[in-house]
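Below is one structure, written out as C-alpha cells; comments come after it.
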Amino acid sequence: MRSLMDPLDLSVEEIDELISTSNDIIENSAKYSEMCRGKKLATLFFEPSTRTRLSFEAAMYELGGNVLGFSAANSSSAAKGESVADTAKTVSCYADIIAMRHPLEGAPYVASLNSDVPIINAGDGGHNHPTQTLADLLTISREKGRLNNLTVGFCGDLKYGRTVHSLIIALARYAGIKIVLISPDELKLPNYVKIGVLDRQNIPYSECDDLEKAIPELDILYMTRIQGERFADKDEYERLKDFYILTPDKLTYAKDNLSIMHPLPRVNEISVAIDNDKRACYFKQVKNGKYIRMALILKLLGMCKSDAPKPQKSEEILIKDKLVCKNPRCITSCEQELEQVFKVTDLDAGICRCIYCEKKSEKLYSEINL
C-alpha cells in the first residue's frame with residue numbers, strides 16, 4: 001500500500017505515467033467511467049477548500065466510485081479532541097482511499113502511519129500540496145509539450161505557498177530548469193527548499209522583487225496570492241497583500257507563448273482583464289486537476305498496470321526524542337503524544353529536520369548526544 005505525501009514519493013517515470021493516463025482519460029473518458037465501481041473515497045478536509053475537495057469528489061464520481069467525508073473540522077470528531085491518528089484509523093474502516101487536507105504541517109503523514117488504506121496529502125499547512133503539483137505538471141506538459149528546458153517564475157507568497165514548494169521540488173528533477181523567485185523580502189522561499197533542493201541539485205535560480213523586470217525571460221509565470229490565513233501578524237499581511245498585481249500592461253514585454261498559471265483562489269493578484277488572454281492557463285489547471293487526481297486514485301488503488309520504477313530513496317538517519325520541533329504549525333505542536341523524530345538531511349553540514357514539517361533544528365547532528 002502506498003500513500004502520497006510529497007512529489008518525491010513518485011519517480012519521474014511514475015509522474016510521466018500519470019500524465020499519460022490523464023491524457024488518455026481526457027481522450028477516452030467512457031473507458032474509465034466504471035473503473036472504481038464499489039470503491040469509496042473519504043475526503044477529510046480540516047480547513048476550507050473548494051477546488052481541491054470538489055476536484056477529488058468529481059474525480060471519484062467520474063470513475064464510478066462513491067464519496068464520503070466532511071469539509072470542516074468542526075463537523076468531525078476533531079472538534080471533540082480526537083487525534084489525527086485515531087481519525088485515520090477510524091475512517092480507513094469505511095473507505096478504500098482517503099484525501100486529507102489539514103492546517104497543521106505533517107498531519108497527513110501522521111494519518112498515513114495509522115491508516116489501513118492509502119492517504120493522499122491534499123495540502124498540509126504551508127508545507128506540501130502534491131496533487132496540485134501533479135495538476136501543474138500536467139498543465140505544463142499539455143501547454144509546452146515538455147517538462148524540461150523551461151524558465152519558470154514564481155511570484156508572490158513564496159514563504160507560505162505550499163504549491164510553490166511542491167512544484168519547485170518536482171521541477172528540480174527535470175533537465176534544463178531555471179527558477180526565478182519574485183517576492184518581497186518578507187515572503188522569500190524558505191531555506192529548506194532553496195538550500196535543500198535548488199542549491200543541492202545545482203538548479204540555477206535568481207531572486208528579485210520586480211515582476212516587470214523578470215517577466216521577459218519567463219516561459220511560465222506562476223502567480224500566487226498572499227495567504228492571510230498563514231500570517232501570525234495581520235498588520236504584515238495588510239502591508240503585503242497587494243504587493244503584486246498582474247495587469248495587461250505588465251505583459252507588454254512577455255513572450256507570446258508565456259503560460260500564466262495560478263493555483264487559485266485568486267484575490268486580486270491577477271486582473272480579470274487577463275482571463276481572456278490566450279496565455280492564461282489557470283482555469284485549465286482546474287480541469288487538469290480532476291484528470292490527474294483520477295489517474296492518481298487509479299494508481300494508488302492498484303487499478304492501473306505500471307512498469308515505472310518507484311523512486312530510489314537513500315536510507316535516512318533518524319533521531320528520536322533528542323530534539324523538539326519549534327514550528328507552531330507542526331502537527332507535533334498540537335498532538336503532544338507524537339514521538340519527536342528528526343531526519344538528517346545533510347550529513348556533511350549536520351542539518352536535522354523534523355520528519356513531519358521539515359523545520360530545521362537549532363542543533364546540528366554533531367551537537368546531539370546520541
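When reading the values below, keep in mind they use all heavy atoms of this one structure, side chains included, and skip hydrogens, waters and symmetry mates.
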message: As a quick check of understanding, evaluate side chain to side chain contact (heavy atoms under 4.5 Å, CB included) for R225 and D157, giving each step before the final call.
response: CA-CA 6 Å; R225 72 184 173 91; D157 184 353; over 6 Å; no
message: Are the side chains of P184 and Y244 in contact, using a 4.5 Å heavy-atom criterion?
response: yes
message: I'd like to know whether the aromatic ring centres of F46 and F70 sit less than 6.0 Å apart in this structure.
response: yes
- prompt: Distance-only, no hydrogens or angles: does the D124 side chain make a donor-acceptor pair with backbone N or O of G106 under 3.5 Å?
  reply: yes
task: Count the heavy atoms belonging to other residues, nucleotides or ligands that lie under 6.0 Å from CD of E27, then report whether that count exceeds 12.
output: no
message: Can you tell me how far apart CG (D346) and CD1 (I351) are? Round to the nearest 0.5 Å.
response: 5.0 Å
- request: Rounded to the nearest 0.5 Å, what's the gap from SG on C155 to NE2 on H262? Could you check?
  value: 9.5 Å
task: Answer whether the closest heavy-atom distance between the side chains of S20 and N23 falls below 4.5 Å.
output: no
message: Are the side chains of K343 and L318 in contact, using a 4.5 Å heavy-atom criterion?
response: yes
task: For D185, enumerate each residue passing the salt bridge (Lys or Arg N to Asp or Glu O under 4.0 Å) test, keeping only those at least two apart in sequence or located in another chain.
output: K188
task: Apply the side chain to side chain contact (heavy atoms under 4.5 Å, CB included) test between F154 and each candidate in L167, T224, V180; give the one that qualifies.
output: L167
query: Measuring from D9:CG to S3:OG, what's the distance to the nearest 0.5 Å?
result: 8.5 Å
task: Quick one: list whatever passes side chain to side chain contact (heavy atoms under 4.5 Å, CB included) with N327, sequence neighbours left out.
output: E105, C325, R329, C330, C357, K359
message: For E34 and R37: C-alpha separation, side-chain torsions, deciding distance, then whether salt bridge (Lys or Arg N to Asp or Glu O under 4.0 Å) applies.
response: CA-CA 5 Å; E34 294 293 322; R37 186 179 179 85; 3.1 Å; yes
- line: Test side chain to side chain contact (heavy atoms under 4.5 Å, CB included), reference L10, set T133, D16, L4, output is L4
task: For residues Q285 and F283, determine if any side-chain heavy atom of one lies less than 4.5 Å from a side-chain heavy atom of the other.
output: no
- request: Taking atom types as modelled, find out whether T87 and E82 have a side-chain donor-acceptor pair closer than 3.5 angstrom.
  value: yes
query: To the nearest 0.5 Å, what is the distance between OG1 (T43) and CD1 (I98)?
result: 10.0 Å
message: Go through it in stages, so that I can follow the logic: the residues are N28 and D24, the test is side-chain hydrogen bond (donor to acceptor under 3.5 Å, both in side chains), and I'd like the CA-CA distance, side-chain angles, deciding distance and then a yes or no.
response: CA-CA 6 Å; N28 304 287; D24 193 45; 2.7 Å; yes
Shortest non-hydrogen contact from A295 toward I25: N-CD1, 3.9 Å
Where S166 and P7 come nearest, the two heavy atoms and their spacing: O-CG, 3.5 Å
- line: Between the CD1 atom in I270 and the CG atom in D275, the distance rounded to the nearest 0.5 Å is 8.0 Å
For E62, side chain to side chain contact (heavy atoms under 4.5 Å, CB included) partners two or more places apart: K290, M294
- request: Using a 4.5 Å cut-off on heavy atoms from C-beta on, say whether the side chain of L296 contacts that of I292.
  value: no
query: Should the pair R293 and F56 be classed as cation-pi, given the thresholds of under 6.0 Å to the six-membered ring centre and 45° from the axis?
result: yes
field: Qualifying residue, where the test is salt bridge (charged side-chain N to carboxylate O under 4.0 Å, His left out) with E14 and the options are R2, K310, R173
entry: R2
message: Show the nearest heavy-atom pair for residues T247 and I274, with the distance to one decimal.
response: C-CD1, 3.7 Å
task: Taking all non-hydrogen atoms of both residues into account, name the closest pair between P118 and D96 and its distance.
output: CD-O, 3.4 Å
side-chain hydrogen bond (donor to acceptor under 3.5 Å, both in side chains) evaluation trace for Y109 with D6: CA-CA 10 Å; Y109 175 66; D6 71 56; over 6 Å; no
Shared hydrophobic cluster for I195 and V193 (ILVMFWY, side-chain gaps under 4.5 Å): no
field: Audit row: M5, I119, side chain to side chain contact (heavy atoms under 4.5 Å, CB included) steps and yes/no
entry: CA-CA 8 Å; M5 294 297 110; I119 300 282; 3.8 Å; yes
- prompt: Going through the checks in order, is the side-chain hydrogen bond (donor to acceptor under 3.5 Å, both in side chains) test met by E17 and S306?
  reply: CA-CA 8 Å; E17 213 170 54; S306 173; 2.6 Å; yes
task: Work out which heavy atom in I26 is nearest to a heavy atom in N288; give both atom names and the distance.
output: CD1-OD1, 4.5 Å
query: If you group Ile, Leu, Val, Met, Phe, Trp and Tyr by side-chain heavy-atom gaps below 4.5 Å, do L68 and M100 land in one group?
result: no
- prompt: What heavy-atom pair brings N66 and M60 nearest, and what distance separates the two atoms?
  reply: O-CG, 3.5 Å
message: Run the side-chain hydrogen bond (donor to acceptor under 3.5 Å, both in side chains) test on D199 and Y205 for me, step by step, so that the C-alpha distance in whole Å, both residues' side-chain angles and the decisive distance to 0.1 Å come before the verdict.
response: CA-CA 9 Å; D199 287 341; Y205 70 93; 3.1 Å; yes
message: Can you tell me which residue among R142, K144, K284, E143 is in a side chain to side chain donor-acceptor pair (under 3.5 Å) with S259?
response: K144
message: For residues V117 and L113: do they belong to one hydrophobic cluster (side chain heavy atoms under 4.5 Å, members Ile, Leu, Val, Met, Phe, Trp, Tyr)?
response: yes
- prompt: So with a 6.0 Å cut-off around CD of E362, is the heavy-atom count from everything else above 12?
  reply: no
Linked, directly or transitively: Y94 and M1 (ILVMFWY side chains, under 4.5 Å): no
message: Within the 4.5 Å heavy-atom criterion, are I140 and M261 side-chain neighbours or not?
response: yes
Distance, nearest 0.5 Å, that separates CD1 of I97 from OG of S115: 9.5 Å
- prompt: M223 and V272: same hydrophobic cluster, using ILVMFWY side-chain contacts below 4.5 Å?
  reply: no
- prompt: Is there side-chain contact between L323 and K363, with heavy atoms separated by less than 4.5 Å?
  reply: yes
- prompt: Do you see a donor-acceptor pair shorter than 3.5 Å between the side chains of Q132 and D136?
  reply: yes
query: Does the pair H127 and R162 meet the rule for a side chain to side chain contact (heavy atoms under 4.5 Å, CB included), with working shown?
result: CA-CA 5 Å; H127 185 216; R162 59 190 171 199; 5.6 Å; no
message: For D256, is the CG atom crowded, meaning more than 12 foreign heavy atoms sit under 6.0 Å from it?
response: no
field: Pairwise side-chain contact, D219 with V152, heavy-atom cut-off 4.5 Å (strictly under)
entry: no
field: Stepwise salt bridge (Lys or Arg N to Asp or Glu O under 4.0 Å) test for K178 and E217
entry: CA-CA 10 Å; K178 180 183 176 184; E217 66 175 309; 3.0 Å; yes
field: Trace of the side chain to side chain contact (heavy atoms under 4.5 Å, CB included) decision for Q340 with T332
entry: CA-CA 7 Å; Q340 293 276 353; T332 58; 3.7 Å; yes
